[in-house]
Protein chains: 2
Amino acid sequence: MTASIQAYERLTRDLTVGRYAPGSRLPGERDLAGQLGVSRATLRLALSRLESEGTLQRSAQRGWFVPTQVLSEPPSTLQSFTEMARARGLRPTARVMRQEVRPASLDEAAKLRIAPAAPVLEIDRLRGMDGTPVCFDVVVLPSVHVEAMKDADLTDRSLYDELRRLCGIEVHRSAYTLMAESADADLARLLGITAGAPVLVGDEVAYTADGTPVLIGHNKYRGDAYRFEADLFRRA
Amino acid sequence: MTASIQAYERLTRDLTVGRYAPGSRLPGERDLAGQLGVSRATLRLALSRLESEGTLQRSAQRGWFVPTQVLSEPPSTLQSFTEMARARGLRPTARVMRQEVRPASLDEAAKLRIAPAAPVLEIDRLRGMDGTPVCFDVVVLPSVHVEAMKDADLTDRSLYDELRRLCGIEVHRSAYTLMAESADADLARLLGITAGAPVLVGDEVAYTADGTPVLIGHNKYRGDAYRFEADLFRRA
DNA sequence: GCCTTCCTATACCAGTTAGTCCAGTGCTGA
DNA sequence: TCAGCACTGGACTAACTGGTATAGGAAGGC
């Protein structure tokens with residue numbers, strides 16, 4: 001049994017036993033090393049291990065702290081499907097079902113601020129997590145990005161990543177609308193649910209930092225497999 | 001990550017999110033340092049950085065002020081049902097169906113950060129616009145507000161308004177979760193829809209500016225009569 | 001003998017803390 | 001009108017913190 005493992009186990013015991021209260025600061029590394037009878041370098045090995053498993057939190061030049069069990073606040077940020085899946089430890093998948101250039105509808109032209117019937121690229125994808133289909137995803141890109149994206153392979157890839165890589169475009173803001181609907185027969189078959197089952201429908205217009213529309217999104221999520229989370233703030 | 005940078009980011013977030021109104025004075029450096037869990041010297045590093053980029057203005061011997069010109073558009077804003085209806089030119093209604101004190105469940109106690117089985121006030125309301133039922137709304141308030149609110153008349157009134165009037169409480173942030181479900185028979189009858197029709201279910205925990213939980217909300221909206229809109233921002 | 005691995009000991013650095021003292025501001029009450 | 005006073009940011013200090021780099025000792029395998 002090495003000294004660093006002994007120090008680790010001793011600290012683990014002290015922490016589980018409540019010797020150091022949640023939120024409190026541990027004694028300095030020099031003191032702690034003395035108390036445990038090991039050198040500072042050895043103690044730091046043990047502390048790093050405790051940090052990596054979340055038992056302790058380090059704060060440079062301030063000390064080591066016992067985490068408070070306060071649930072973390074989910075920030076109100078825009079996460080792509082890919083990022084969301086990865087944050088949950090799941091593998092995001094995407095099967096491209098359609099990828100073609102067509103004229104923009106009036107509504108799309110208005111949202112993207114382009115001319116009606118100007119060419120747009122529509123990409124339909126069935127998205128899943130760990131293989132289970134979760135969402136049917138339609139994206140419409142304006143003419144300026146058609147050339148760069150019309151032959152891009154978006155299978156199992158993040159659209160946001162490809163937009164950045166191929167067009168140098170960074171999505172900054174997204175106007176999102178959510179509603180609940182019933183699945184029709186086609187959608188039900190794609191998502192593996194029964195017709196009439198509830199789906200969460202998200203309509204999105206994404207913009208760059210300077211306010212240029214980048215894409216229109218239309219997502220239909222399985223009601224039982226997806227929830228939407230956001231932080232809302234009240235205007236002062 | 002140094003403590004001063006953490007303090008800087010926390011303040012930036014609070015400012016963009018509207019925690020401190022434009023033109024208002026921040027708490028004194030000593031108070032603010034305490035709130036952020038950082039020493040005054042470290043806080044002043046963060047404040048100086050915010051001043052150099054124009055986010056804050058200092059006034060010696062008086063305090064730190066938020067510039068009057070708006071800094072940036074805040075993320076998705078929180079609108080009460082009442083405000084939302086009025087913004088659409090509709091008359092908000094609310095029929096109180098239940099208003100009683102009961103012990104908190106384990107889950108509620110955790111979310112409200114109170115003791116399990118501590119008394120909470122549950123208020124069930126059927127909310128409508130121009131008389132048409134749109135939403136079944138359950139709110140749970142923690143023990144501290146039970147006395148002030150337990151006999152309040154919330155018929156056709158905004159809960160947020162009454163909280164401000166009777167408890168001096170201002171809701172600042174709300175963590176919102178949305179999902180799609182099917183209406184069961186009871187809910188369908190209340191909302192005047194058929195059983196199995198899609199409903200948009202919102203779960204909410206609302207907080208004051210200092211992070212104290214104020215209420216838990218559980219709202220079930222008619223899928224065909226309500227959409228949820230938000231602006232989401234991508235983390236820089 | 002020679003290498004690796006683990007540990008100890010020491011020193012220095014930059015960031016942080018707690019504390020003190022100061023002068024200016026703004027309110028209150030005589 | 002003015003004195004008193006609580007509070008503010010401004011400035012500074014001494015002590016302490018983790019982060020990092022260095023050198024050396026002890027044990028074990030080859």
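In what follows, chains are A, B, ... by sequence order, proteins preceding strands, each numbered from 1.
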Please state how far atom CG in B:L36 lies from atom P in C:dT17, giving the value in whole angstrom units. 11 Å
Taking CZ in B:R102 as the centre, count heavy atoms belonging to other residues, nucleotides or ligands within less than 6.0 Å. Is the count above 12? yes
Below 30° counts as parallel, above 60° as perpendicular, anything between as tilted: where do the rings of A:Y226 and A:Y221 land? parallel
Look at the side chain of A:T2 and decide which nucleotide, out of C:dC7, C:dA23, C:dC21, has an atom nearest to it. C:dC7
Proximal nucleotide (of D:dT8, D:dG19, D:dG10) relative to the B:R25 side chain: D:dT8
NA contact type, B:A41, heavy-atom cut-off 4.0 Å: base, sugar-phosphate, or nothing? base
Distance test, side-chain N/O of A:R44 to OP1/OP2 of D:dG18, below 4.0 Å: no
Rounded off to whole Å, could you give me the CZ-to-P distance for the B:R30 and D:dG9 pair? 7 Å
CG of A:L32 versus P of D:dC16: gap in Å, rounded? 17 Å
Polar pair under 3.5 Å, donor/acceptor by atom type, side chain B:R40, base C:dG19: no
Please state how far atom CD in B:Q61 lies from atom P in C:dT25, giving the value in whole angstrom units. 7 Å
Within the pair B:T42 and C:dG15, is there a side-chain N or O less than 4.0 Å away from OP1 or OP2? no
Checking side-chain polar atoms at under 3.5 Å, does B:D210 have a donor or acceptor matched by the opposite partner on B:T212? yes
What integer distance in Å separates A:I5:CD1 from C:dT5:P? 16 Å
Which atoms form the tightest heavy-atom contact between B:M179 and A:L200, and what is the distance? C-CD1, 4.0 Å
Distance, rounded to the nearest Å, where A:E51 contributes CD and D:dG19 contributes C1': 13 Å
Grab the CD-P distance between A:E29 and C:dC12 for me, whole Å please. 18 Å
When B:R62 and B:S39 are each assigned the nearest nucleotide of DNA chain C, the 5'-most assignment goes to B:S39
Can you check whether B:F136 reaches B:R125 side chain to side chain, under 4.5 Å on heavy atoms? no
To the nearest angstrom, how far is A:L26 atom CG from D:dC16 atom P? 18 Å
Given D:dT17, is OP1 or OP2 found less than 4.0 Å from the side-chain N or O atoms of A:S59? no
Within the 4.0 Å heavy-atom criterion, would you say B:R58 contacts the bases, only the backbone, or no part of the nucleic acid? sugar-phosphate
